[in-house]
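Values below: every heavy atom of this structure, side chains too, minus hydrogens, waters and symmetry copies. Just so we're on the same page: letters track the sequence lines, and every chain starts at 1.
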There are 2 protein chains.
Amino acid sequence: MAATIKDVAREAQVHMSTVSRAFSVPHRVRPETRTRIMEAARRLGYRPSRVARALTTGRTHNIGFIVADIANPFFPPMIKAAEHTARARDYHLFVADASEDPAIEAELVDALAKQVDGVVLCAPRVSNAKIERLNETIPIALVNRKMTGIPSVTMDVVDGSQVAIEHLLELGHRKIAYVSGPRQSWTNSQIRRSVTSTADDRAEVTVLGPNTPNEDAGLAVAEQVASSGITAVLAYNDLLAIGLMEGLHSLGVDVPGQVSVIGIDDTVLARLARPSLTTLIVPTPDAGTAAIDLLLQYAAADMGEEEPRGGAHISLPTKLVVRDSTAPPPD
Amino acid sequence: MAATIKDVAREAQVHMSTVSRAFSVPHRVRPETRTRIMEAARRLGYRPSRVARALTTGRTHNIGFIVADIANPFFPPMIKAAEHTARARDYHLFVADASEDPAIEAELVDALAKQVDGVVLCAPRVSNAKIERLNETIPIALVNRKMTGIPSVTMDVVDGSQVAIEHLLELGHRKIAYVSGPRQSWTNSQIRRSVTSTADDRAEVTVLGPNTPNEDAGLAVAEQVASSGITAVLAYNDLLAIGLMEGLHSLGVDVPGQVSVIGIDDTVLARLARPSLTTLIVPTPDAGTAAIDLLLQYAAADMGEEEPRGGAHISLPTKLVVRDSTAPPPD
DNA sequence: GACCGGCCTACAATCGTTTGCGTAATTTAA
DNA sequence: TTAAATTACGCAAACGATTGTAGGCCGGTC
């Protein structure tokens with residue numbers, strides 16, 4: 001049906017191999033033959049088969065991009081950026097949704113392994129040991145997780161949550177809660193640690209959770225917050241924060257009058273919520289782009305094209321944006 | 001490196017072809033040989049190469065999923081559902097973002113064509129003629145566009161916008177605007193037509209646009225709305241509606257006191273906006289699932305496995321959800 | 001006991017490229 | 001003009017599977 005390299009060869013009166021070279025190493029074929037070949041290719045509407053090419057070269061020019069939950073507004077901007085930069089490098093992206101499930105995550109890597117040059121795991125829920133093992137099969141790059149020996153890009157939530165907590169301390173809060181995210185999240189443990197160490201003895205910190213990082217879970221945790229004398233909350237992400245605000249609202253607790261709330265991610269939702277949500281800006285598009293580039297150079301190294309660089313780590317800065325959900329505690 | 005079918009064959013003391021059959025047509029190989037083969041495969045950690053398989057069978061078990069803008073919250077739930085149902089059918093999804101650009105859209109289809117069994121075009125911006133031509137290269141299924149001869153799934157926005165307009169008429173509005181979406185959007189023209197024909201001579205309808213379907217464009221159109229005596233607006237999507245509400249707010253125009261606003265899509269944003277947005281619920285996950293299934297059966301037919309069914313059209317029901325952004329007009 | 005019909009399994013061609021190797025053609029040097 | 005050094009191209013073997021065809025073995029029948 002579609003034209004193959006053989007058809008082009010016949011049309012241009014040369015051997016297949018010459019056609020192949022005309023595309024891959026143009027300078028190795030005489031200019032006039034080259035143009036003759038290109039002409040023929042154009043006439044026949046020839047496009048090289050990536051599949052066949054992959055079979056011989058061992059490189060598919062595809063990348064797997066696995067996220068915990070596509071519907072979580074944290075991810076789309078990252079996926080979008082990743083897809084664009086991949087395309088700019090002549091790569092295509094398989095996007096898969098692991099539904100916050102470690103087992104599915106691992107299975108996806110295995111399933112994809114045979115038809116990609118590498119996999120980006122975003123906010124992985126799977127264990128370090130498992131990642132280590134998967135990385136022996138196929139090059140892996142991590143987003144929102146740091147492991148020695150594996151390239152990764154993380155958001156500097158340690159600094160970010162520190163800034164967030166300082167903000168609350170400055171406002172005068174002394175009873176603070178951290179609404180925790182999923183247990184398997186590396187980011188979550190980073191934040192938790194940072195929160196308690198920042199508060200130190202300047203404030204009492206309660207950890208509520210772990211929670212699935214969605215609105216419903218946030219809503220469910222509202223009661224605990226309302227009944228515990230807590231005056232300020234930092235949540236693992238905007239979804240939890242917004243759910244919490246809704247829950248508090250329906251319990252008649254005023255935000256920020258009685259309780260201040262801070263989210264993380266600065267998703268589109270944060271600005272729209274009422275009160276608008278004070279939150280941590282994390283550069284998700286940059287993370288997507290960086291992850292692709294890191295993976296690509298790591299994968300190239302893996303194919304012996306250059307010195308393997310092991311685990312390069314990129315940490316992206318975060319920034320607190322203060323909106324209307326934070327205020328001094330009630331006296 | 002990784003085990004091939006040949007390794008398994010050697011390990012199990014049979015010919016490659018037998019191994020192949022053990023996987024693809026298990027009943028054609030003697031049970032004991034089969035278990036011996038499976039054992040060997042397990043020991044070697046063998047996974048068939050989808051790439052090699054694709055080369056002989058002509059089926060890649062991959063699907064291209066092209067959307068206008070991943071970051072538009074309308075799409076992620078659809079992508080998620082599509083990815084899940086594709087996976088359940090043993091297919092993987094290439095997701096690509098066309099940035100609302102017809103040229104990129106077409107280029108993406110071409111680029112993907114050689115390594116997918118079909119492509120789902122979501123809310124395509126490219127012309128009918130071009131789609132027709134692309135469909136000759138590779139099976140295509142459409143979401144939010146209807147064309148004879150090509151399978152598609154659409155949301156019943158004609159009915160939906162009719163209901164929306166009736167809602168406004170009942171409230172007493174007589175000067176209504178439709179804030180139009182992108183010119184190339186099929187849905188957009190459907191809605192526009194439906195709005196004007198529903199209003200008929202019961203209300204005066206102004207069309208504002210076309211607009212890029214994002215918040216900024218909505219914001220920009222606020223001034224026109226404010227200065228024209230319009231008391232109610234239906235917008236092409238939630239993003240435009242929300243932008244418009246913001247714009248009106250900053251112009252000191254009260255929603256819904258002075259102007260009522262209705263969106264379309266019922267994205268996560270609608271419920272969060274203040275006032276919460278009256279909008280049209282469209283079943284995006286169902287659309288994703290249906291598109292995959294339609295494409296798969298259409299693509300199978302295309303491979304001669306059954307009678308081609310040409311263009312099956314699925315229309316999904318929409319539903320108006322009334323929230324706080326609509327009210328009677330000021331007297 | 002030879003023959004026939006069914007299962008199983010092996011053989012080998014094929015899918016569309018890439019690529020190392022060899023050779024014809026061309027250029028350069030002498 | 002000829003030998004040497006390049007260059008341009010053709011040849012054919014991979015890559016890892018699938019699949020049509022053919023042969024081997026088996027038991028059962030007459």
Check your understanding: In terms of ring plane angle, is the pair Tyr91(B) and His61(B) parallel, tilted or perpendicular, where the classes change at 30° and 60°?
Key -> parallel

Study note, to complete from the structure: Per nearest nucleotide of DNA chain D, the residue lying toward the 5' end, Arg47(B) or Val29(A), is Val29(A)

Revision key, fill the gap. Closest to the side chain of Arg21(B), out of dT17(C), dA17(D), dG20(D), is dG20(D)

Review point. Counting side-chain heavy atoms from C-beta on, which of dT17(C), dG16(D), dG20(D) comes nearest to Arg53(A)?
Key: dT17(C)

**Study point:** Nearest-Å distance for atom pair CE/P, residues Met16(A) and dC11(D)
**Key:** 10 Å

Exercise for review: Go through dG20(D), dT17(C), dA17(D) for me and flag the one nearest to the Ala52(B) side chain.
Suggested key: dA17(D)

**Study point:** N/O (side chain, Thr33(B)) to phosphate O (OP1/OP2, dT9(C)) under 4.0 Å
**Key:** yes

**Study point:** Separation of dA10(C) P from Gln13(B) CD (nearest whole Å)
**Key:** 10 Å

**Study point:** Salt-bridge contact Arg87(A)-Glu83(A) (side-chain N to carboxylate O under 4.0 Å)
**Key:** yes

Check your understanding: Do the two ring centres, one from Phe94(B) and one from Phe94(A), sit under 6.0 Å apart?
Key -> yes

Check your understanding: Looking at the side chain of Leu55(B), which of dG10(D), dC15(C), dA17(D) is the nearest nucleotide?
Key -> dC15(C)

Point to revise | Closest listed nucleotide, where the reference is the side chain of His15(A) and the choices are dA17(D), dC11(C), dA12(D) | key: dA12(D)

Point to revise | d(NE2, His61(A); P, dT18(C)) in whole Å | key: 11 Å

Review point. More than 12 foreign heavy atoms under 6.0 Å from NZ of Lys146(B): is that the case here?
Key: no

**Study point:** Euclidean distance, atom NE2 of residue His27(A) to atom P of dT6(D) [Å, nearest integer]
**Key:** 15 Å

Exercise for review: Check every strand shown and say whether Val19(B) touches a base, only sugar-phosphate, or nothing at a heavy-atom separation below 4.0 Å.
Suggested key: nothing

Point to revise | Residues within residues 35-46 of chain B bordering DNA chain C, heavy-atom distance below 4.0 Å | key: none

Revision key, fill the gap. Nearest-nucleotide check on DNA chain C, Pro31(B) vs Lys114(B); residue mapping nearer the 5' end is Pro31(B)

Review point. OP1, OP2 of dC9(D) versus side-chain N and O of Arg30(A): anything below 4.0 Å?
Key: yes

Check your understanding: Arg28(B) has an atom CZ; how far is it from atom C1' of dT21(D), in whole Å?
Key -> 13 Å

Check your understanding: Around Arg43(B), counting heavy atoms of other residues, nucleotides and ligands shown, do more than 12 lie under 6.0 Å from its CZ?
Key -> yes

Exercise for review: Would you please confirm or rule out a distance under 4.0 Å between OP1 or OP2 of dA10(C) and any side-chain N or O of Thr18(B)?
Suggested key: yes

Exercise for review: Assign Arg34(A) to base, sugar-phosphate, or nothing according to its heavy-atom contacts below 4.0 angstrom with the strands shown.
Suggested key: nothing

Check your understanding: To the nearest 0.5 Å, what is the distance between CG (Asp286(A)) and OG1 (Thr85(A))?
Key -> 11.0 Å

Point to revise | Nucleotide dT14(C), atom C1' - distance to CZ of Arg59(B) in whole Å | key: 19 Å

Practice item. Determine: side-chain N/O of Ser20(B) to OP1/OP2 of dT18(D), distance under 4.0 Å, yes or no. Key: yes

Review point. Under a 4.5 Å cut-off applied to non-hydrogen side-chain atoms, are Arg47(B) and Asp110(A) in contact?
Key: yes

Point to revise | Between P of dG16(D) and CZ of Arg10(B), the distance in whole Å | key: 12 Å

Point to revise | dA10(C) phosphate, OP1 or OP2, under 4.0 Å from Ser17(B) side-chain N/O | key: no

Point to revise | d(CD, Glu32(A); P, dT26(C)) in whole Å | key: 10 Å

Point to revise | Residues Asp69(A) and Arg125(A) bridged, charged N to O under 4.0 Å | key: no

